[in-house]
Peer 1: 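Could you have a look at this structure, given as structure tokens, before my questions?
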Amino acid sequence: MPSPGAGSAGQVEGAANSGPILRVDGVTMRFKVAGNRQLTAVDNVVLEVHAGESVALVGESGSGKSTLARCLVSLLEPTAGVVSLDGRQVSGLRGAARRRVYQDIQLVFQDTNGSLNPRWTVRSILDEPLRAYSDRDPGQRDTRVRELMRQVELDESLLTRRPAELSGGQRQRVGLARALAVEPKVLVLDEPTASLDLSTRGQVLDLIGRIQRETGLACVLISHDLPVVRHIADRVFVMYLGTIVESGPTEEVFRRPVHPYTRALVAAAPVARYRAPRDDYRLRGEIPSAMDLPSGCLLAGRCPSAIPSCFEVRPHLVHIGAIGSGRMAACPVSAAAIASAPVPSAPAR
Amino acid sequence: MTATPLTKETADANATAIADAAVASPASPRRGRVRWRGLPRSLQAGVVLSGVLVTVSVAARIRTPHSPTRTGVGPPFESPSSTFLFGTDQVGSDVFSRTFTAGLTDIGITLIGVAVAFVVGTSLGAIAGFVGGIVDAIAMRVSEILQSFPALLLAMLMASVLGGGLLNVVIVVAVLGIPGYLRLARAEIMSKKELEFSDAARLMGNRPGGVLFRHLLPNSLAPVISFTAINASWVAILVSSLGFVGVGIEPGTPEWGSMVASGRNQINAWWVSFFPGIAILLLALALFLLGDGVSDLKARRKW
């Protein structure tokens, strides 16, 4: 079943279906909290991911990235909106139908410690999805487990270890292998390198990149680590307080951020170069509570470029054609500035 | 669940049996043998003491110097002598034979009661914690009602409703134990439910029951096992308390609590109460040492 609006697909690589593999349409996630108040973790998010593509969701802590990730893989049922996988709607499914969805979309967890059953050996951890999702006999499952270990570059001698007996990098590889076991079409990675030290971070990232090239699966990377995002993602979505404020091809977004939030985010990322030219564009204060959202632009109170109208109307995500295709941002002030003048940009790196 | 080795073989065999039993929860076995010398002192003492208790109790079922149930094998209130090592009671039964014969009764009721409470309480608590909502609310209110009564009073009430017999005593003991296990397992499951491996288990194709019983429950058992270890000695005392107040066990059946009760008005014939009293003490001590030892071992091995 082809999904409507599949015409804009520009980055499909050899996929049978020409539509996006993952489509998120107006997904909103609200939680009830003490009293009659609501917390809006994800607000009306729209995004598409095409087969073989990797996109990244970036934003500071509390911007709703992980909640959105859980909505994508159907661990959470969105309050509103629809998630479609390969043209099929996956929101609202229950029981066995819900479990079948997990065959097509898998999640690599952030916490390598908490996401693996501490009492199980690596072998049982990798065997479990094979038991549940395939009718392989024990011998075939064993072959597949070894294949997965090779795929994530782990030695077979580790099969009898328990998570506590592995290093952080090894555990994350096990998490990756487990997610790959069912051969999903989309892999969501929730801060896959946040709990790793720098030396293993690069290895795991390279591994993810290699596996993606080899298997052609689509990746959704959740991260606040901009260099990591730059390394992996084709396109990037910048999230702030549950909404997407800017999107576009990764390199372009980072080179010429449009939205003040993106600009501040890029300016705040450390640069490993002595006396590198820096943009000292900074936001004021902390990310506000997702409980009592202001009526205007969510960033207005912290934004150095805010004008009075920012406090009144919530801006929508619109195309910014002036600086290249596929760029969208939710900031009329910056958009107007770009349209009328040469592009103000962060220094290129 | 702590297990008492039923035979007392070599010390090493016992040590392994205990160590295996301690980790033989629904999880996979641990690697590496446990050496007797490496075990906590309290566990060693508990193993030896419970081994001795079980051995003599089993032996007493095979042979005793006098019939444990017959009255008038000697004169009433005969003081300890070479014929009647622990003397005789008010109906002329041999206290020695009765004390050792009672061992298996008290140990059996205690262990089965604890085992039933453990299994039923933990399962119900796990389900309550996992499902939440109305199921959880009902489970919690019922266990609060049970726990708001003094244990012995509730036991007497239940026993008078159920009637006598060993099975009913086991039921009473188990029901009294269930709320403790239920609340503990519920709390553990509720905290483990929030961890990512519970979400991961769902993604790996588990049904809710699989998430609970394959993943959450085995990882929630450690504190429940510690509690069991401490709880068992309390249950041993509860069992003999029931016998003491004459609830459940039929008159004449050798049972430590009722034997202590039968001699309590005869201060001069101290032996009638003293020896079964010592036996109760030793059983409670053995279970406590085992429990303390298991907790020690767990702390040391961090599982």
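No experiment lies behind these values; they were computed from the predicted model shown. Chain A is the first sequence line, chain B the second, and so forth, proteins listed ahead of strands; every chain is numbered from 1.
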Peer 1: Inspect the surroundings of CZ in B:Phe149 and state if more than 12 heavy atoms from other residues, nucleotides or ligands are less than 6.0 Å away.
Peer 2: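 Not more than 12 within 6.0 Å, no.
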Peer 1: Side chain to side chain contact (heavy atoms under 4.5 Å, CB included), that's the test. Do A:Arg99 and B:Arg207 meet it? Break it down for me.
Peer 2: CA-CA 8 Å; A:Arg99 283 195 295 279; B:Arg207 289 158 201 279; 3.0 Å; yes
Peer 1: Show the numbers, then the answer: is there a side chain to side chain contact (heavy atoms under 4.5 Å, CB included) between A:Asn117 and B:Arg214?
Peer 2: CA-CA 10 Å; A:Asn117 188 332; B:Arg214 277 160 64 83; over 6 Å; no
Peer 1: Among A:Ser115, A:Ala132, A:Ser74, which residue has the highest count of heavy-atom pairs closer than 4.5 Å to chain B?
Peer 2: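 Option with the top pair count is A:Ser115.
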Peer 1: Using 0.5 Å steps for rounding, measure from the CE atom of B:Met204 to the OH atom of A:Tyr133.
Peer 2: 7.5 Å
Peer 1: Just wondering, more than 12 heavy atoms not from B:Phe227 lying within 6.0 Å of its CZ?
Peer 2: yes
Peer 1: Could you look at A:Ser124 and say if it's the side chain, the backbone, both or neither that has a heavy atom under 4.5 Å from chain B?
Peer 2: neither
Peer 1: Does a sphere of radius 6.0 Å around CZ in A:Arg136 hold more than 12 heavy atoms from other residues, nucleotides or ligands, not counting ones at 6.0 Å or beyond?
Peer 2: yes
Peer 1: Find the one option among A:Gln103, A:Arg100, A:Gln106 whose heavy-atom pairs under 4.5 Å with chain B are most numerous.
Peer 2: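 Sorted descending by pairs with chain B, the first entry is A:Gln106.
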Peer 1: Pick one of side chain, backbone, both or neither for A:Arg98, based on which atoms fall under 4.5 Å of a heavy atom in chain B.
Peer 2: side chain
Peer 1: Residues of residues 141-149 of chain A under 4.5 Å from chain B (heavy atom pairs)?
Peer 2: none
Peer 1: Could you grab the distance from atom CG of B:Leu203 to atom CZ of A:Arg178, nearest 0.5 Å is fine?
Peer 2: 8.0 Å
Peer 1: Verify the neighbour count for atom CG of A:Asp137: are there more than 12 heavy atoms of other residues, nucleotides or ligands below 6.0 Å?
Peer 2: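 Atom CG in A:Asp137 is packed in, count exceeds 12.
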Peer 1: Is there a side-chain contact between A:Pro118 and B:Phe197, using heavy atoms and a 4.5 Å cut-off?
Peer 2: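 In contact.
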Peer 1: Which pair of non-hydrogen atoms, one from B:Glu196 and one from A:Gln110, has the smallest distance, and what is that distance?
Peer 2: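 The answer is OE1-N, 3.9 Å.
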Peer 1: Using non-hydrogen atoms and a 4.5 Å limit, figure out which bit of A:Leu107 sits close to chain B: side chain, backbone, both or neither.
Peer 2: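 Both backbone and side chain of A:Leu107 come within 4.5 Å of chain B.
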Peer 1: Taking all atoms of both residues into account, what is the closest heavy-atom pair of B:Asn219 and A:Arg119, and its distance?
Peer 2: OD1-CG, 3.1 Å
